[in-house]
Amino acid sequence: MTNPLPRAFYARSAVEVAPDLLGKVLVREIEGRRLTGRIVEVEAYLGSEDAASHAFRGPTPRNRSMFGPPGHAYVYLIYGMHHCLNIVTGPEGDGQAVLIRALEPLEGIEIMRARRGGVPDRRLTNGPGKLCQALGIDKRLDGHDLCLGETLWLEAGRPPAEPICAGPRVGVRGDDLALNRPWRFYLKGNLFLSPTPHNRLPCQTLP
DNA sequence: CGACAGATTATT
DNA sequence: ATAATCTGTCGT
């Protein structure tokens, strides 16, 4: 039996859901094998009010799942070669989502190593494109319902012991407001964070 | 329709 | 620093 997080968990603002996703377990079932990782870094994106969001200018063929119901996956191809996994949140039609930026590998590490070409374990899932490659996530999963408990879903984990930090989002462009919003959330000091310079900057610790 | 930037990564 | 090369946006 699987125990996916319920739709109600996702039916809130991305800015609320994002920090709550830290410590949750992402489960990918592929050919009967479980590949899982603990979520350690995320970024929240809103819709028409967030100049850094794919949803800022409204629906397109690529981002249409962002405008669907919460609790579904939004998977897109970036730079023509890497996939990124988002979790759709908020009310349907709003275009909110949370980007999963880094995982701490839990189960299926052997398979992740094979999929990632034998890089050191520290680099298996420490970036949005890397974790998709490690878990075999691509556009076929775009629009997938995460509340079914099939193929791809999320489960509750132990509440994180590490403090939660918030800072500016990585690699985004937009107006000053979008650049400065502290909507990147991560577990302080975790070894599997993405290799961004922000890791070394002082962070605002959430209560 | 052509140019170009991009929620990235591995390599030079 | 740069290449890999898919999408969307903006300008001609």
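Reminder, nothing fancy here: chain letters follow the sequence lines and each chain counts from 1.
- Rounded to a whole Å, the CG atom of A:D142 is 11 Å from the P atom of C:dT7.
- Under the 3.5 Å distance criterion, the side-chain polar atoms of A:R169 are left unmatched by any main-chain donor or acceptor of A:E43.
- Annotation: cation-pi geometry not satisfied between A:R7 and A:Y10 (NZ/CZ under 6.0 angstrom from ring centroid, within 45° of ring axis).
- The NE2-C1' distance, from A:H83 to C:dT7, rounds to 13 Å in whole Å.
- With salt bridges taken as basic N to acidic carboxylate O contacts below 4.0 Å, none links A:D121 and A:R116.
- Screening A:R33, A:R34, A:R38 for a salt bridge (Lys or Arg N to Asp or Glu O under 4.0 Å) involving A:E107 leaves a single residue, A:R34.
- Rounded to whole Å, the separation between the C1' atoms of C:dT7 and B:dA10 comes to 22 Å.
- Residue contacts for A:L77: at a heavy-atom cut-off of 4.0 Å it reaches the sugar-phosphate backbone alone, with no base atom in range.
- Pairing for C:dT5 is absent, with no Watson-Crick or G-U wobble pair whose two atom distances lie under 3.5 Å.
- Here the separation of B:dC4 from C:dT2, taken at their P atoms, is 16 Å to the nearest Å.
- With C:dT9, C:dA4, B:dA5 as the choices, the nucleotide that has an atom nearest any side-chain atom of A:R173 turns out to be B:dA5.
- Protein atom NE2 of A:H54 is 12 Å distant from nucleotide atom C1' of C:dT9, rounded to whole Å.
- For the side chain to side chain contact (heavy atoms under 4.5 Å, CB included) test with A:F9, the passing option among A:L146, A:T89, A:L21, A:L154 is A:L21; the others fail.
- From A:L22, atom CG reaches atom CD1 of A:I39 across 7.5 Å, with rounding to the nearest 0.5 Å.
- Rounded to whole Å, atom P of B:dT9 lies 16 Å from atom CZ of A:R115.
- Using a 4.0 Å heavy-atom cutoff across all strands shown, A:R123 reaches no nucleic acid atom at all.
- Using a 5.5 Å limit on the distance between ring centres and a 30° limit on the angle between planes, the aromatic ring of A:Y79 does not count as stacked on the six-membered base ring of C:dA4.
- Counting to the nearest Å, the C1' atom of B:dA10 and the CG atom of A:L124 are 15 Å from each other.
- Here A:K139 does not reach the OP1 or OP2 of C:dC6: none of its side-chain N or O atoms lies under 4.0 Å away.
- Pair assignment for B:dA7: none, as no Watson-Crick or G-U wobble contacts are both less than 3.5 Å.
- Atom pair A:H82:NE2 and B:dA5:P shows a separation of 19 Å (rounding to whole Å applied).
- Of all nucleotides listed (C:dA4, C:dG8, B:dG6), C:dG8 comes nearest to the side chain of A:T60.
- Considering only the side chain of A:R62, C:dG8 comes nearest among B:dA7, C:dG8, B:dG6.
- Across the protein-nucleic acid pair, A:R64 atom CZ and C:dG8 atom P stand 11 Å apart, rounded to whole Å.
- One finds a side-chain N or O of A:R116 lying less than 4.0 angstrom from the OP1 or OP2 phosphate oxygen of B:dA10.
- With rounding to whole Å, A:L99 atom CG is found 16 Å from B:dG6 atom P.
- Comparing the P positions of C:dT12 and B:dA5 gives an interatomic distance of 15 Å, to the nearest angstrom.
- Side-chain proximity of A:S53 to C:dG8, B:dA10, B:dA7: nearest is B:dA7.
- Nearer the 5' end of DNA chain B, as judged by each residue's closest nucleotide, is the contact made by A:V172, out of A:V172 and A:Q133.
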